[in-house]
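What follows is a set of notes on a single structure, which appears directly below.
Order of the sequence lines fixes the chain letters, A, B, ..., with proteins taken first and strands second; residue numbering starts at 1 for each chain.
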Protein chains: 2
Amino acid sequence: MSSDVDTVLGKAIAVLRAFSADDHELSLSALVERTGLPKTSVHRIAGDLVHHRLLDRTSHGYRLSGGLFELGMRASLERGLAELSMPFLQDLYERTHEIVHLGLREGHEVVYVAKITGRRQARSPSRAGGRMPLYCTAIGKVLLAWSDEEVRRAVLTRPMPPLTAHTITAPGRVARQLDTALSAGVAFEREESALGIQCVAAPVLDLDNKLVAAISVTGPVGRFRPEQHADAVRAAAHGLGALVARRTSLRPDPS
Amino acid sequence: MSSDVDTVLGKAIAVLRAFSADDHELSLSALVERTGLPKTSVHRIAGDLVHHRLLDRTSHGYRLSGGLFELGMRASLERGLAELSMPFLQDLYERTHEIVHLGLREGHEVVYVAKITGRRQARSPSRAGGRMPLYCTAIGKVLLAWSDEEVRRAVLTRPMPPLTAHTITAPGRVARQLDTALSAGVAFEREESALGIQCVAAPVLDLDNKLVAAISVTGPVGRFRPEQHADAVRAAAHGLGALVARRTSLRPDPS
DNA sequence: GGAGGTCGTTCCACTCAGCGGTACGCTCTT
DNA sequence: AAGAGCGTACCGCTGAGTGGAACGACCTCC
């Protein structure tokens, strides 16, 4: 998609974005490879970024720095939700003792805004600040189900690459699940995004029943039965929804 | 301090940094005022930043966007600690039901890497991604006490502006508290950074007893007695320390 | 209602920041 | 010792970035 790498700024951002979630540290040449930019340019730009405290030098190359974290957290606070939702997520965690997520829709993906984890828990691929497809996660299905018809259609007609053997790729089946979710008030996911985990999610709606975000509980296939926690998730989502509604608007969502 | 505003990159970053923690939204002219840059430049750069998804346009101006949040979270993950510590902070929260913080030292300040809040709790000025002085917070005192002599001296000899009427500004008294903290294994703070709240903090040490971070519990003056939670904080910090030690190194800290 | 203020936007000619090919020096590996 | 791979330094060209000036769309406030 978007990547205009013809301006300094574009290049700098490309360099920053080259660091994916699990590449803690990249060498100059690795950056060159990932960005496709000429070595000299990367060298200069990375140097500038270090100077501006968005990157750190390490013995083996470069690493995203704390300055970036700082900016990022501000961005998160701006959206307000993260801060407001904390108590509800916290409550939900204590009730269930399973992984709790808060996610927004951004384009055709979920963006996880907050994640609460405890000890000895299911391993979920999600991360705060990370993204996932809409069609194969509980939060995603909720976000999709309560979105405009337009969004739903766009996602369902595009190819939906499976993430596991259980990922539902038939548009019809997904659509049926969305309808069920709409009437039930919750959506489920059973090993569709990662093996060994299941989820329940519920929508956070404002006073006009307009979708704001979604909350989910995730647990391992064995002991965890998503249905058992449907009520808790719904309750948390309602609570947060009421609080959000009381505050003024929270961005009209562009994409 | 640092602000080279003569390159595109510098200007762009200056624009981003113009958004402080509580300025959710800034108009073009506000940005001009804060950055001191010519109006045209800000206009162009802000436009570029929007195009690159680091800023959002709003009806009233600009706002830090989700793209930045995403990058910031990656930067946080890189430091690894945030992820590793979650279960311990979570545990600690459940034991105490008070605000829990994880903080690092960066230069002469605390940087809060994680914060757990529940319902109806003390109002603390801290924020994930935010900064505070070292000399008047429990976490700060811990970080200072276990740091090199050099750092301690630098902080204590510099002026220490009081944040409240209770802030301890006499270098001697702070030094004595640091020594007490070293032998007790925990540090306290009593309304020194904000009125109405008190804290206990303990150091996260690796196998070589080298300081990695600090954990604290914060509560309101009334019901909350920091001493009661000293053991819990110490335990959490020890647990995390052991885990950190098992993993390989976590950055050698430049500043 | 019109005079003055503020704010966002567009235009445009200048110039220096950014560019990237080339080349160098270092440290491993073979 | 030759080679591969890496980070760094040099340097002349050029168009991206620059910022002053001017415009139009709102606002109050006399």
Query - By side-chain contact (heavy atoms from CB on, under 4.5 Å) - contacts of A:T169 (at least two apart) - result: A:P162, A:T167

Report task. State which residues pass side-chain contact (heavy atoms from CB on, under 4.5 Å) with A:P38; sequence neighbours excluded, sorted by chain then number. Result -> A:S41

All side-chain hydrogen bond (donor to acceptor under 3.5 Å, both in side chains) counterparts of [X], not counting sequence neighbours:
X	result
A:E70	B:R131
B:R44	none
A:S85	none

Query raised in the report: Does the side chain of A:R74 pick up a donor-acceptor pair with the side chain of B:S20 at under 3.5 Å?
Result: no

**Report entry** Distance in angstrom units between B:K39 NZ and C:dT9 P, rounded
**Finding:**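 Roughly 10 Å, once rounded to whole Å.
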
**Report entry** Value in whole Å for how far the P atom of C:dT6 lies from CG of B:L26
**Finding:** 19 Å

**Report entry** N/O (side chain, B:H43) to phosphate O (OP1/OP2, C:dT9) under 4.0 Å
**Finding:** yes

Could you tabulate the donor-acceptor pairs under 3.5 Å formed by side-chain atoms of residues 27-36 of chain A, not counting sequence neighbours?
residue, atom, partner, partner atom, Å
A:S27, OG, A:A30, N, 3.1
A:R34, NH1, A:A18, O, 3.3
A:R34, NH1, A:D23, OD2, 2.9
A:R34, NH2, A:D23, OD1, 3.3
A:R34, NH2, A:D23, OD2, 3.1
A:T35, OG1, A:L31, O, 2.7
A:T35, OG1, A:V32, O, 3.4
A:T35, OG1, A:L37, N, 3.2

What residues, two or more places apart in sequence or in another chain, satisfy salt bridge (charged side-chain N to carboxylate O under 4.0 Å, His left out) together with [X]?
X	value
B:E150	none
B:R158	none
B:R153	B:E149

Restricting to nitrogen or oxygen on both sides, can you table the protein-nucleotides 13-20 of chain C pairs closer than 3.5 Å?
residue, atom, partner, partner atom, Å
C:dG18, OP1, B:T7, OG1, 3.1
C:dG18, OP1, B:V8, N, 3.3
C:dC19, OP1, A:K11, NZ, 2.6
C:dC19, OP2, A:R44, NH1, 2.3
C:dG20, OP2, A:K11, NZ, 3.1
C:dG20, OP2, A:S41, OG, 2.8

Restricting both atoms to N or O, compile the protein contacts to nucleotides 27-30 of chain C shorter than 3.5 Å, with distance only.
none

Query raised in the report: Taking 5' to 3' order, which nucleotide of DNA chain D is first and which is last to have an atom within less than 4.0 Å of a heavy atom in chain B?
Result: D:dG17 to D:dA21

